**Student:** 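Before I ask anything, let me first share the structure, which is written out below as structure tokens.
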Amino acid sequence: MQSFSYIPNTEQDRREMLATIGVDSLDALFSDIPDAVRFKGLLNLPDAMSEYEMMNELKRLARQNVSLEDAISFLGAGAYQHVIPSVVDAMISRSEFYTAYTPYQPEISQGILQAIFEYQTLMAELTGLDVSNASLYDGATAIGEAAMMACSHTRRNRVLVSAAVNPDYRAVLDTYARGQHVETDTIAEIDGATDHTELVAKLQDDVAAVVLQYPNFFGTIEDVRAVCELAHEKKVLVIVSTNPIALGLLESPGALGADIVVAEGQPLGNSLSFGGPYLGIITVKEALLRKLPGRIAGQTVDREGRRGFVLTLQAREQHIRREKASSNICSNQALNALAASVYLSYMGPDGLYNVAKQCLAKAHYARDCFIKAGAKAVHQAAFFHEFVLDLGPRSEQILDTLKKDNIFFGVPLRSLGSRYENAVLLAVTEVHAKSAIDEVANRLEGLL
Amino acid sequence: MQSFSYIPNTEQDRREMLATIGVDSLDALFSDIPDAVRFKGLLNLPDAMSEYEMMNELKRLARQNVSLEDAISFLGAGAYQHVIPSVVDAMISRSEFYTAYTPYQPEISQGILQAIFEYQTLMAELTGLDVSNASLYDGATAIGEAAMMACSHTRRNRVLVSAAVNPDYRAVLDTYARGQHVETDTIAEIDGATDHTELVAKLQDDVAAVVLQYPNFFGTIEDVRAVCELAHEKKVLVIVSTNPIALGLLESPGALGADIVVAEGQPLGNSLSFGGPYLGIITVKEALLRKLPGRIAGQTVDREGRRGFVLTLQAREQHIRREKASSNICSNQALNALAASVYLSYMGPDGLYNVAKQCLAKAHYARDCFIKAGAKAVHQAAFFHEFVLDLGPRSEQILDTLKKDNIFFGVPLRSLGSRYENAVLLAVTEVHAKSAIDEVANRLEGLL
Amino acid sequence: ENFPLIFERSKPGRKAYSLPVLDVPDVELSTVVPDGYQRKEMAALPEISEVDLVRHYTGLSTRNHGVDSGFYPLGSCTMKYNPKRNELAARLTGFSQIHPLQPTETVQGALTLLYRLQNHLSEITGMDAVSLQPAAGAAGEWTGLMMIRAYHEARGEKRTRVIVPDSAHGTNPASAAVAGFTTITIPSNERGGVDLEALRDALGNDTAALMLTNPSTLGLFEEDIVEIADLVHRAGGLLYYDGANANAILGQTRPGDMGFDVVHLNLHKTFTTPHGGGGPGAGPVGVKRDLIPYLPVPRIVLREDNLYDLSFDAKASIGKVKGFYGNFGILVRAYAYILTMGPVGLKRVSEDAVLNANYLMKRLSEAYDVAFERICKHEFVLSGRTLKKNGVKTLDVAKRILDFGYHPPTIYFPLNVEEAMMIEPTETESKETLDAFVEVMLQIAKEAEETPEIVKNAPHQTVINRLDETQAARAPVLRYRKPTVL
Amino acid sequence: ENFPLIFERSKPGRKAYSLPVLDVPDVELSTVVPDGYQRKEMAALPEISEVDLVRHYTGLSTRNHGVDSGFYPLGSCTMKYNPKRNELAARLTGFSQIHPLQPTETVQGALTLLYRLQNHLSEITGMDAVSLQPAAGAAGEWTGLMMIRAYHEARGEKRTRVIVPDSAHGTNPASAAVAGFTTITIPSNERGGVDLEALRDALGNDTAALMLTNPSTLGLFEEDIVEIADLVHRAGGLLYYDGANANAILGQTRPGDMGFDVVHLNLHKTFTTPHGGGGPGAGPVGVKRDLIPYLPVPRIVLREDNLYDLSFDAKASIGKVKGFYGNFGILVRAYAYILTMGPVGLKRVSEDAVLNANYLMKRLSEAYDVAFERICKHEFVLSGRTLKKNGVKTLDVAKRILDFGYHPPTIYFPLNVEEAMMIEPTETESKETLDAFVEVMLQIAKEAEETPEIVKNAPHQTVINRLDETQAARAPVLRYRKPTVL
């Protein structure tokens, strides 16, 4: 009989176990499946591969991708290349963490529970709000959850979304909204920032929340404070989607007045991995705590008064609320949250500031270089580490030429409309050496 | 002040600690170094690199090597490419293992001590002898240690070494022998096997041991049994250097009569790593136990009768014997030994047999293919997974041409004398797909 | 002694981080950051050296039980062994260091993998197309239900109700709610299956779908599945398959063949991707042909020039359900698993999962009430009601199990069994492990009889004993705050 | 309960291994293996599934204390933090998957690294050339002494004696013995240094070398080093530097400048490569110009065409001392460390190693006898003699330390201090860690006074208590044997 590394029972084990059960064949254990729907024969899948063959096959596939180790990439738009300290993977690779389930049994899960508690503290600190959950799926779904939560809390069902919010996030939000019969409405952007005039016009009584991004999709540092003031006048909540790296240097959305902060946590020590698994961050003001979706860890004591941690406030959650739930989230991104905690603990306040500062300085340097090389600025607003350039009518060919040398210059924005027909969005971080920026600027100059 | 990830003390810590010590500067702590030999200024080394820069630099160097993932290689001669199960690195990467020292405190070192005890058992089982130590440095030095041990035990100081023993091992043995005023003498090989006639002639009263390899340097399955009979008649010990993979299928040297078995343990789950760290295996008959160099773990009980393990028989060791020691070994290759244990436990008897069988079958298949392609057999003796081919006068160019396509056809043997002027030694293992062998045979045919 | 929080290990000025020196001109913040937008107070992140950080998280890890630590028969969670080779595969540079927006020509390997995985999961479930996007089982449910809604709406039908059995996971009704449906819960019959009468009563022209976990959370295969499917379809509804328990049926039967229209799988259950202490998982969703137009975008497609591509071109699609294309790193692991097992291995998985469960059920029936006396699939439910006479609750049994180095079963679920204990051994456990667990369970049953206090006061061997969950919820402390120095 | 041996988890017929199917014609063994050379009885390797194997070794790991588990002030072993980044570096495919006999053009990266590491270590030690081959400190000693022998022999001098101080590691005299020398041990003076009178007496025209660890194993810098070097050289001998304690002097002074002719370094001490539970380490050896001809082969050289190469061309060489070129994987880690620290960082290492040691010595002097009242370097020696009045031995103190999660100091070494405890904190520890350790040590001293039984019966918190070492040695059980079933 073919053996499989992950299936221990021997033929003799199987015989003994069947005898104990009191049936004479394995087939008898499947006799409750109506014959009409029994699957006969074998699934049409490739034959089992040994570890060596499987790994070779996957290495072959992996080599068919151009990894960023072999490229210069200014791609961002929601996923960012950063330095990931080696300790991150070393710690999340501790098997007691990654092979565990949700910590339902606190006595043997203090490791993860305390780690979640620490994560919640870090997120609250970073975003300037009171409470964090244990994580959501990613930055895109976090906006969806936040908006639904805002509707549930305000009992209103209209959400205003800035056009300067990542279009992918807006698309996911739209799906969430359709699900719960919520309407979304877009607020236009001017020069890469939310148009406050339009916002004011649309801030009607049925509006639950305004969603904006800070720094926004174009990299612009939005005037969150002003938006919060406008919205709060109408008792409208403000949901700010942010970049956690930027918060090493920019004022926290909480301090600016945001009621709910969400973020894509990938930049905090999580690898790019072609888009996932990433980390959905959400923090809220205390008042919103009972509407916060997902797991939450809380501190308590054991019978001897020792500090310990448990999952708490479960009355909010789907397994208790069932059909009355306003979120269905169950499993989340615990291991990515752990990575974020290790990352932030490793960087410390000084390190995070330093990363943010380098992103900012290098992005400004790169933008200047590329403009000198002939690209045109599209926006004039203040920005953090992303910005938009216009490469003119030959934009597509230029990107293509650079791509052939494994230079991924930026994300084309043509889907955003005619204004951005030839525009690309670039992100620059601490991984970009001056020499690489200069090299690309040189190449660009020759192409423009 | 520049900060370093691995140095925690802050400036304030340093000030407080100096105050407690009662000195006013760090310099004062080095005042015992005579000024004449104080090193002024900074060492002439590259400036500190951040983790990202350092890793990039090492990745750059690593990419300047052709890894065997990108090559077809029949190189062996003491270092072998095998399938390494993923569990091996996962287990030896547990930091409680790899960041620990030699287990001097058994109560908090049961993990490593039990692992050593299990390793000793595995080695004894595999080699067919009574006792193993916790490891030596590698296969080459293991022969040196074994020979010196034999001399010490027999109080004789002459060692006969087969010319079919790996020349590198012989060179290391020579260095050991010179150190301890031992003489070594070579027994010639005929058709890739030890010449028994010459052996008999040289088996004089002053001979402590005969050293042979099984399978030997040329891959030949030596007649160990016959050598043991000849040697034992003269009360000469037999030291057999073996390949642990071969012992999945070939009779154990212990069963054939060997007194001391040594081996390069690299093939047991240790990566090639450009020659090290590897694993020196040594096992002996019970009678030789008290002369066995290195650490040994033994079973015992604690005060409550629970089974436990300790380092034992330390009276043999350098830290007790000091100038009376016949070996100076202190640290060894514990982590490589652990890798070997994980490997063997994973493979089990059936797996090890299977690996050995595949090596044997593929080596025979490859040899036939290459001979059909025009290479000439050099030896006719039975062999395991290595063999010698003669490529004729254009040998060097042929190897060079293949190399340019990242085919490492074999190890040239020209240093062994005129008979091997155009000969190469090839090793074939379970990693070599038939398609790769066929491809190389095709290429070879075009070149010969 | 309390295990310190990372914040309690912090010391001002200590640094672990290591970054390249800034090699471009520094910027004066006030010239590039708008007034009032520089952070005034830095986030109170810990300041710690590398070794202290490593000791902190290593120490935390040793205060946690994972599958690698020991048996983990947590019902409905399929706590299988997580293969080490899959961890290596996901970490290959060519997978872990690619950006989701790279030109598709530069990520053909990744797209190939996704495309093949879609096809393999279609084959395994008997469906016609699969989307890999949902990040978790619940996300898969929601995605599936949104498609069901779109399907009915496209046909001009107003179907607002989703039927779920009382044994269903909480995510089922919750997902229905967030997809805009109302839920009807129907009771199980005495054999643990769907009560056909109740189903008939519930069905109507407002029925959007029946959600079924099969085998159910009771570990029982729905013997009437053919009739159920027929009833639902005839009422104009669709069938949704919750794949949480798919481990029991791999290669034995397929949701598609049973009549299901939409299915999600939990790759972190059936396909050995690690649970990560609560995630990330992946919840791919498969559909029958009629529902293909509604699949989320982008879809992974094979172009005529034999290159793989992302297609956003689907007018009827429910849209995007997640950023980018799903939890790629998890998908790589699942693909590695499928390649490793092949069709023979996957069938063997369900065989041994079911064998192990029945063996364990049989042996435990000696001391515990089995909720339903019939052959189970990959898991089964015991009731602790017989222990109650000495005041021992199922919770106590669970806590006592901790003392023996095992993770306890799921308790108090499903809701329709009193003092439920839901046990799922999985196929990756050996008979010896099951036997050792049986010995412990029998001993605990004996203790419950003879020395109930030992059980009621358990655990005794853990780093901490029972925690005050009431206090935790009543006066929530959800984050650390630095003590104010007076 | 005993933690099972891997053999006790074995079950006939169980398999974890996974190999490609044989794709070439199978061979009939009897046709290719000589008669009597097929194995008759398979080695009794365990038969175990993958998860059981993983649980076995994971379980064993949790029964072990490493640097990542907590403070490890084991004197003379320099138990520093082992950087995670270095582990990654050594595992890069381009380093871990290259064969030592590949054509040198295909391993230029590896050779570049080795060449640069040689040069960096030369600079750090103040020597003229370095060989990276020795696998460990003791192997470095032996290699160095073999070169010293070759040097004297080449000059026609018969010098057979090596002088070592009484505080030396056991490897020093042992290495001298295996290099063919006899040893003269000289006592230390009252300040812990070399007794110059005794040295003068020992020196003669048979003196091959003086082996010195500086700072010594007492943690004391040899203040008379200039005079000592002069004395030895004038007697025609050479000076050997045992680099076990080099952590104290990085960037502060160099063996070469002190007058040493040969030096070895322990990369697994000073250069943060992990100890691996007893190895692998690396013991590179450096020499002054006059000894270069005797260095082991091969040497890593830079050819005129700017390619790196292996040179076997050295007639006077002592030959080969190890297979291939040394413990390459360890050398990669050490190189990564040197690049990480740079000249400023390495100097800071010795500063903080010495600062931490002096701070700890000062604080512990409150309750323990300090062996030598002077500034120490990276380590220091306490004597437990004052505790003896209540029958508490140094061994007991060490065992009691275990209860607090620390590894104890080295005990009963060096031999010239009664009830010695040799403490080396290293620079990777924080002041808080040292302070917490001090509190424990003071508490133990108090216990020794007030409740000595607690100390004498320690440890109390470990998975096992004191083991019967006498029985272990008297009736050695050195391997598992399957119990015979009667």
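All figures in this text were calculated on a predicted structure; none of them were measured in a lab. The chains referred to below are lettered A, B, ... by the order of the sequence lines, with proteins before strands, and numbering in each begins at 1.
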**Student:** How would you list, by chain and number, every residue that makes a side chain to side chain donor-acceptor pair (under 3.5 Å) with C:Asn358, sequence neighbours excluded?
**Tutor:**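 Side chain to side chain donor-acceptor pair (under 3.5 Å) list for C:Asn358, sorted by chain: empty.
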
**Student:** Checking C:Glu427 side chain against A:Ile7 main chain: does a donor-acceptor pair fall under 3.5 Å?
**Tutor:**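 Answer holds: no.
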
**Student:** Between A:Ser67 (side chain) and C:Ile98 (backbone), is there a donor-acceptor pair under 3.5 Å?
**Tutor:**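 Checking the backbone N and O of C:Ile98 against the side chain of A:Ser67, no donor-acceptor pair under 3.5 Å is found.
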
**Student:** For the interface with chain A, which of C:Gly278, C:Pro25, C:Ala135 has the highest count of heavy-atom pairs at distances below 4.5 Å?
**Tutor:**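 When all of C:Gly278, C:Pro25, C:Ala135 are compared, C:Gly278 has the most.
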
**Student:** Compare all side-chain heavy atoms of C:Arg91 with those of A:Ser93 and state whether any distance is below 4.5 angstrom.
**Tutor:**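 Side-chain contact under 4.5 Å: yes.
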
**Student:** So what's closer than 4.5 Å to chain C heavy atoms on A:Phe4: side chain, backbone, both or neither?
**Tutor:**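 Only the side chain of A:Phe4 comes within 4.5 Å of chain C.
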
**Student:** Select, from A:Glu125, A:Glu107, A:Gln81, the one with the greatest count of heavy-atom pairs under 4.5 Å involving chain C.
**Tutor:**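 So the answer, after comparing A:Glu125, A:Glu107, A:Gln81, is A:Glu107.
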
**Student:** Answer with side chain, backbone, both or neither: which region of A:Asp138 has an atom nearer than 4.5 Å to a non-hydrogen atom of chain C?
**Tutor:**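 Contact with chain C is through the side chain of A:Asp138 alone.
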
**Student:** To the nearest 0.5 Å, what is the distance between CZ (A:Arg63) and CG (C:Leu92)?
**Tutor:**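 The CZ atom of A:Arg63 sits 9.0 Å away from the CG atom of C:Leu92.
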
**Student:** For C:Met258, which atoms come within 4.5 Å of any heavy atom of chain A: side chain, backbone, both, or neither?
**Tutor:**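 When you check distances to chain A, atoms from both the backbone and side chain of C:Met258 fall under 4.5 Å.
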
**Student:** Below 4.5 Å from any heavy atom of chain C, which atoms of A:Lys362 appear? Answer side chain, backbone, both or neither.
**Tutor:**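 Contact with chain C involves both backbone and side-chain atoms of A:Lys362.
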
**Student:** Contact part of C:Arg14 toward chain A, heavy-atom cut-off under 4.5 Å: side chain, backbone, both or neither?
**Tutor:**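 For C:Arg14, neither part sits under 4.5 Å from chain A.
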
**Student:** Go through the atoms of C:His169 and report whether side chain, backbone, both or neither lie under 4.5 Å from a heavy atom of chain A.
**Tutor:**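 Contact with chain A involves the backbone of C:His169 alone.
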
**Student:** With distance as the sole criterion, is a donor-acceptor pair present between the side chains of C:Thr62 and A:Arg94 under 3.5 Å?
**Tutor:**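 Per modelled atom types, C:Thr62 and A:Arg94 side chains form no pair under 3.5 Å.
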
**Student:** Tell me, side chain or backbone of A:Leu289 under 4.5 Å from chain C's heavy atoms, or both, or neither?
**Tutor:**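 The answer is the side chain of A:Leu289.
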
**Student:** May I have the step-by-step check of side-chain contact (heavy atoms from CB on, under 4.5 Å) for C:Arg39 and A:Ser252, ending in yes or no?
**Tutor:** CA-CA 7 Å; C:Arg39 189 158 187 144; A:Ser252 75; 3.8 Å; yes

**Student:** Whether the side chain of C:Asp257 engages the backbone of A:Val37 through a donor-acceptor N/O pair (distance < 3.5 Å, no angle test) should be reported.
**Tutor:**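 No; judged by distance alone, with no hydrogens or angles, the pair does not exist.
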
**Student:** Would the distance check show the side chain of A:Gln64 and the main-chain N or O of C:Thr106 forming a donor-acceptor pair, the cut-off being under 3.5 Å?
**Tutor:**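 No; zero donor-acceptor contacts below 3.5 Å.
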
**Student:** Side chain, backbone, both or neither: which part of A:Lys324 has a heavy atom under 4.5 Å from chain C?
**Tutor:**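 Neither; nothing under 4.5 Å.
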
**Student:** Does a donor on one side chain and an acceptor on the other come within less than 3.5 Å for C:Tyr57 and A:Ser345?
**Tutor:**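 C:Tyr57 vs A:Ser345: donor-acceptor pair found between side chains.
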
**Student:** Would you kindly say whether C:Gln252 and A:Arg38 are connected by a side-chain donor-acceptor distance under 3.5 Å?
**Tutor:**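 Yes, because at least one side-chain N or O of C:Gln252 sits under 3.5 Å from a partner of the opposite role on A:Arg38.
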
**Student:** Under 4.5 Å from any heavy atom of chain A, what part of C:Lys320 do you find: side chain, backbone, both or neither?
**Tutor:**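 Both parts, backbone and side chain.
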
**Student:** Measure distances from A:Leu344 to the heavy atoms of chain C and classify the residue's part below 4.5 Å as side chain, backbone, both or neither.
**Tutor:**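 It is both, since atoms from each part get that close.
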
**Student:** What option among A:Ser273, A:Ala325, A:Ala140 has the most heavy-atom pairs under 4.5 Å with chain C?
**Tutor:**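 Looking at each option in turn, the highest pair count goes to A:Ser273.
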
**Student:** Between C:Asn327 and A:Gln333, is any pair of side-chain heavy atoms under 4.5 Å apart?
**Tutor:**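 Yes. Closest side-chain heavy atoms under 4.5 Å.
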
**Student:** Closer than 3.5 angstrom, by distance alone: can the side chain of C:Ser430 be matched with the main-chain N or O of A:Pro8 as a donor-acceptor pair?
**Tutor:**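 Not a single qualifying donor-acceptor pair exists.
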
**Student:** Under 4.5 Å heavy-atom distance to chain A, tell me which part of C:Glu87 shows up: side chain, backbone, both or neither.
**Tutor:**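 Answer is side chain: those atoms of C:Glu87 sit under 4.5 Å from chain A.
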
**Student:** Can you tell me if A:Glu251 uses its side chain to pair, donor with acceptor, with the backbone of C:Gly36 under 3.5 Å?
**Tutor:**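 Answer holds: no.
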
**Student:** I need the A:Met49 CE to C:Met341 CE distance, nearest 0.5 Å.
**Tutor:**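 So the gap between those two atoms works out to 14.0 Å.
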
**Student:** Does any heavy atom of chain A fall under 4.5 Å from the side chain of C:Lys399, the backbone, both, or neither of them?
**Tutor:**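 Contact with chain A: side chain only.
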
**Student:** Given that the side chain runs from C-beta out, which part of A:Phe408 has a heavy atom under 4.5 Å from chain C: side chain, backbone, both or neither?
**Tutor:**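 Contact with chain C: side chain only.
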
**Student:** Is the closest side-chain heavy-atom distance between C:Ile464 and A:Pro106 below 4.5 Å?
**Tutor:**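 Of all side-chain heavy-atom pairs linking A:Pro106 with C:Ile464, none is under 4.5 Å.
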
**Student:** Heavy-atom distance under 4.5 Å to chain C: side chain of A:Glu57, backbone, both or neither?
**Tutor:**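 Side chain of A:Glu57 only, per the 4.5 Å heavy-atom cut-off to chain C.
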
**Student:** Report yes or no: does C:Asn64 contribute a side-chain atom to a donor-acceptor pair with the main-chain N or O of A:Glu96 at less than 3.5 Å?
**Tutor:**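 A pair under 3.5 Å: yes.
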
**Student:** Check the angle between the aromatic planes of A:Phe274 and C:Tyr325 and answer parallel, tilted or perpendicular using the 30° and 60° thresholds.
**Tutor:**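 Ring orientation, 0 to 90° scale: tilted.
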
**Student:** Charged N to carboxylate O under 4.0 angstrom, A:Arg14 versus C:Asp352?
**Tutor:**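 Salt bridge: yes.
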
**Student:** Select one option (side chain, backbone, both, neither) describing which atoms of C:His56 are under 4.5 Å from chain A's heavy atoms.
**Tutor:**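 Just the side chain, heavy atoms under 4.5 Å.
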
**Student:** Highest number of heavy-atom pairs under 4.5 Å with chain C: which of A:Tyr353, A:Tyr169, A:Tyr104?
**Tutor:**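 Looking at each option in turn, the highest pair count goes to A:Tyr353.
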
**Student:** Given that the side chain runs from C-beta out, which part of C:Phe3 has a heavy atom under 4.5 Å from chain A: side chain, backbone, both or neither?
**Tutor:**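 Both parts, heavy atoms under 4.5 Å.
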
**Student:** How long is the span from the CD atom in A:Gln299 to the CD atom in C:Gln471, to the nearest 0.5 Å?
**Tutor:**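 Separation between the atoms: 8.5 Å.
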
**Student:** Of the backbone (N, CA, C, O) and the side chain (C-beta and beyond), which part of C:Met146 lies under 4.5 Å from a heavy atom of chain A, both, or neither?
**Tutor:**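 Interface part for C:Met146: side chain.
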
**Student:** In terms of heavy-atom proximity below 4.5 Å to chain C, should A:Ala90 be classed as side chain, backbone, both, or neither?
**Tutor:**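 Looking at A:Ala90, nothing touches chain C.
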
**Student:** Where on A:Arg178 is there a heavy atom nearer than 4.5 Å to chain C: the side chain, the backbone, both, or neither?
**Tutor:**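 Looking at A:Arg178, backbone and side chain both touch chain C.
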
**Student:** Tell me, side chain or backbone of A:Val301 under 4.5 Å from chain C's heavy atoms, or both, or neither?
**Tutor:**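 For A:Val301, the contact with chain C is made by backbone and side chain together.
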
**Student:** Is the charged tip of A:Arg225 near the ring of C:Tyr37: under 6.0 Å from the six-membered ring centre and within 45° of its axis?
**Tutor:**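 Yes, A:Arg225 and C:Tyr37 form such a contact.
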
**Student:** Please state whether the side chain, the backbone, both or neither of C:Leu74 comes within less than 4.5 Å of a heavy atom of chain A.
**Tutor:**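 Only the side chain of C:Leu74 comes within 4.5 Å of chain A.
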
**Student:** So what's closer than 4.5 Å to chain C heavy atoms on A:Ile296: side chain, backbone, both or neither?
**Tutor:**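 Just the side chain, heavy atoms under 4.5 Å.
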
**Student:** Side chain, backbone, both or neither: which part of C:Ala90 has a heavy atom under 4.5 Å from chain A?
**Tutor:**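 When you check distances to chain A, no heavy atom of C:Ala90 falls under 4.5 Å.
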
**Student:** Could you go step by step and tell me if A:Arg322 and C:Thr185 meet the side chain to side chain donor-acceptor pair (under 3.5 Å) rule?
**Tutor:** CA-CA 10 Å; A:Arg322 300 179 72 92; C:Thr185 302; 5.9 Å; no

**Student:** Which bit of C:Lys347 comes within less than 4.5 Å of chain A, counting heavy atoms only: side chain, backbone, both or neither?
**Tutor:**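 It is the side chain, since no backbone atom gets that close.
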
**Student:** Is a side-chain donor-acceptor pair under 3.5 Å present for C:Arg479 with A:Thr121?
**Tutor:**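 No, C:Arg479 and A:Thr121 have no side-chain donor paired with an acceptor closer than 3.5 Å.
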
**Student:** Would you call the rings of A:Tyr278 and C:Phe324 parallel, tilted or perpendicular, where under 30° means parallel and over 60° means perpendicular?
**Tutor:**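 Perpendicular.
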
**Student:** Given heavy-atom pairs under 4.5 angstrom as the criterion, report whether the side chain, backbone, both or neither of C:Tyr81 touches chain A.
**Tutor:**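 Contact with chain A: side chain only.
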
**Student:** Between A:Asn406 and chain C, which part of the residue has a heavy atom less than 4.5 Å away: side chain, backbone, both or neither?
**Tutor:**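 Neither; nothing under 4.5 Å.
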
**Student:** Please check this pair: side chain of A:Gln120 against backbone of C:Leu478, looking for a donor-acceptor N/O pair closer than 3.5 Å.
**Tutor:**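 At least one qualifying donor-acceptor pair exists.
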
**Student:** Would you mind checking which part of C:Leu5 comes under 4.5 Å of any heavy atom in chain A, side chain (CB onward), backbone (N, CA, C, O), both or neither?
**Tutor:**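 Backbone plus side chain of C:Leu5, per the 4.5 Å heavy-atom cut-off to chain A.
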
**Student:** Quick one: does A:Thr300's side chain have a donor or acceptor within less than 3.5 Å of a partner on C:Asp468's backbone?
**Tutor:**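 Side chain of A:Thr300 to backbone of C:Asp468, a donor-acceptor pair under 3.5 Å: yes, one is there.
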
**Student:** Pick one of side chain, backbone, both or neither for A:Met347, based on which atoms fall under 4.5 Å of a heavy atom in chain C.
**Tutor:**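 Contact with chain C is through both the backbone and side chain of A:Met347.
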
**Student:** Using modelled atom types only, decide if a donor and an acceptor are shared between the side chain of C:Asn465 and the backbone of A:Asp302 within a distance under 3.5 Å.
**Tutor:**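 No, because the side chain of C:Asn465 does not come within donor-acceptor range (under 3.5 Å) of the backbone of A:Asp302.
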
**Student:** Would you confirm whether the ring centroid of C:Tyr17 sits within less than 6.0 angstrom of the ring centroid of A:Tyr346?
**Tutor:**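 No, the ring centres sit 6.0 Å or more apart.
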
